[in-house]
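Data first, discussion second: the structure below is written as structure tokens.
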Number of protein chains: 2
Amino acid sequence: MKSRLSSSTEDYLKTIYAFTEWQDTPITSSQLATRLGVANSSVSEMVRKLKDMGLVDHRPYGAVHLTEEGLRVALTMVRRHRLLETFLVNDLGYSWDEVHVEAERLEHAVSDLFVERLAARLGNPERDPHGDPIPSASGDIPRIDAHRLSELDPGHEGTITRISDENPEMLRYLAHERIHLDTEVTVVRRKPFGGPLVVRVGQHGAARDFDVPDEVAEAVWVESTREHAGCTVGGS
Amino acid sequence: MKSRLSSSTEDYLKTIYAFTEWQDTPITSSQLATRLGVANSSVSEMVRKLKDMGLVDHRPYGAVHLTEEGLRVALTMVRRHRLLETFLVNDLGYSWDEVHVEAERLEHAVSDLFVERLAARLGNPERDPHGDPIPSASGDIPRIDAHRLSELDPGHEGTITRISDENPEMLRYLAHERIHLDTEVTVVRRKPFGGPLVVRVGQHGAARDFDVPDEVAEAVWVESTREHAGCTVGGS
DNA sequence: CCTACAATTTAGGCACACCGAAAAAGTGCT
DNA sequence: AGCACTTTTTCGGTGTGCCTAAATTGTAGG
Ligand SMILES: [Mn+2]
Ligand SMILES: [Mn+2]
Ligand SMILES: [Mn+2]
Ligand SMILES: [Mn+2]
């Protein structure tokens, strides 16, 4: 319960958690392997060890679930990662596409003391540069009520609250197009069969239309501005 | 010449360098083992690998010397370590006895970009919280003209420019006694046979006498205030 | 139900960094 | 020079985390 786990172990747990953060199907072995960039066999082995340590639940050929203790560790790592990203952007002038790789290594090297001092210095932020919620030290995670841009119907208005940080190139592209966190968007027209989604970006006079590529629409999450009768999530 | 070395490798090189920083005898296998907290056999093996990589010179049963390339890496690590310590004290409110352990891990996790951004943010400091000189990015190291307090004759005046960070307890003790970097000291009387060294600490009115334990006198380095005919280094 | 095919686990190995014990080499003293 | 003692190296072995290739097991279609 106290001696530090290895970097690998920490990354496995974080990745298992991250998978269920925006979907609710649990992660499989091969998905875990893909995300971690290791062979399936490596995952099998590690999952067995994690199970022996009481950090995950797993039956042969089944999906992998975090135990309560595993979740606790995962949230600790997520907190570290996101606070570090915030620090890199706020204090060291990194751009939002550069921070992920750096935080991926630093998260394993910092102490609890470091993390808490850093959090205090940053003003205990509740979200990171990509809009991902930062768990508190006690493991509470701010609830975010947002939907993928790709799931919204025309007419829907909202502000961007999260952008997946998985693809740095996309982040660079979005920065170049001046699309940030808190940018206001209105869905203009939905792709008919496979055509692009059109979105009105920005406020009033400065608004412009923007053709959103599919991959981007999957990565950008929007929180409704008007209470718009709940959320109008599109089918299929 | 480019792909990152392992943490262990980096620590070996740093430790080899550090040994010659304040003395000029090269380090032996067993000294290296002691400092790194590993078995002698581990050092033998690693030194062979370092030699194969062209980072150290070594003949069987001889001392270990850094090659030019090894020195370059070592200085990079020393720079990282000391900049990180400075950051921890200046920005995160660590005390000078807490920073060493934290920096020891972080130094292997940060990127070159991180280090240079950090250095810029700190104003490119030339010394760390313990007064240790910080090598420049190009590997130039500020020369410090200081002597151990234990080597000074009575009457010698100067300011403290370095305090060894090896023993956190000593650092805590010195902080408690309000002895810092840049504190002015005058040697009052030298230990007769094994008695304590007496030093006048502080300026003018606020001056007080202080019995310096042997171990402390070895760890504190003083730069002469008056040009005092070079430095009067005591014998034995 | 049975069979192809995909997902997963098992088996056997490798690199790294460490260990203790044993062998070898250097050193200092008579 | 010879011998005791210390230092260093060599040897065999461990744990972790990864790999490829070969079983195994699950599943969906006929
Ligand atoms: Mn990581
Ligand atoms: Mn992020
Ligand atoms: Mn280190
Ligand atoms: Mn220091």
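Worth saying up front: this structure is predicted, and the values here are computed from it rather than measured. We name chains A, B, ... by the order of the sequence lines, and we start the count at 1 in each one.
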Would you mind reading off the distance between [X] atom [atom1] and [N] atom [atom2], rounded to a whole angstrom?
X      : N       : atom1 : atom2 : value
L36(A) : dT8(C)  : CG    : P     : 14 Å
E10(A) : dT16(D) : CD    : P     : 15 Å
K49(A) : dT9(C)  : NZ    : P     : 14 Å
H58(A) : dG26(D) : NE2   : C1'   : 13 Å
M46(B) : dC19(C) : CE    : P     : 12 Å
I27(A) : dT8(C)  : CD1   : P     : 10 Å
E45(B) : dC11(D) : CD    : P     : 11 Å
R48(B) : dC11(D) : CZ    : P     : 10 Å

Hey, does [X] reach any base, or is it just sugar-phosphate, or nothing, if we go heavy atoms under 4.0 Å?
X      : value
G62(B) : nothing
S41(A) : base
S42(B) : base
S30(B) : sugar-phosphate
S8(B)  : sugar-phosphate
A39(B) : sugar-phosphate

Would you say dT9(D) has OP1 or OP2 under 4.0 Å from some side-chain N or O of S29(B)?
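So the side chain of S29(B) is within the cut-off, an N or O lying under 4.0 Å from OP1 or OP2 of dT9(D).
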
Start with the C-alpha gap between T161(B) and V222(B), add the side-chain angles, then the distance that decides, and say whether side chain to side chain contact (heavy atoms under 4.5 Å, CB included) holds.
CA-CA 6 Å; T161(B) 41; V222(B) 173; 5.8 Å; no

Ionic contact status for R117(B) with D91(A), cut-off 4.0 Å
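No, no charged N to carboxylate O under 4.0 Å.
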
Does a salt bridge link E116(B) with R80(B), judged by any charged N lying under 4.0 Å from a carboxylate O?
no

Taking A109(A)'s backbone N and O only, do any of them form a donor-acceptor pair with R105(B)'s side chain (distance below 3.5 Å, no angle check)?
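Yes; judged by distance alone, with no hydrogens or angles, the pair exists.
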
Per nearest nucleotide of DNA chain D, the residue lying toward the 5' end, Y61(A) or Y12(A), is Y12(A)

Please verify the inter-ring angle class for W96(A) with H130(A); under 30° counts as parallel, over 60° as perpendicular, anything in between as tilted.
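The arrangement is parallel - the two ring planes meet at less than 30°.
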
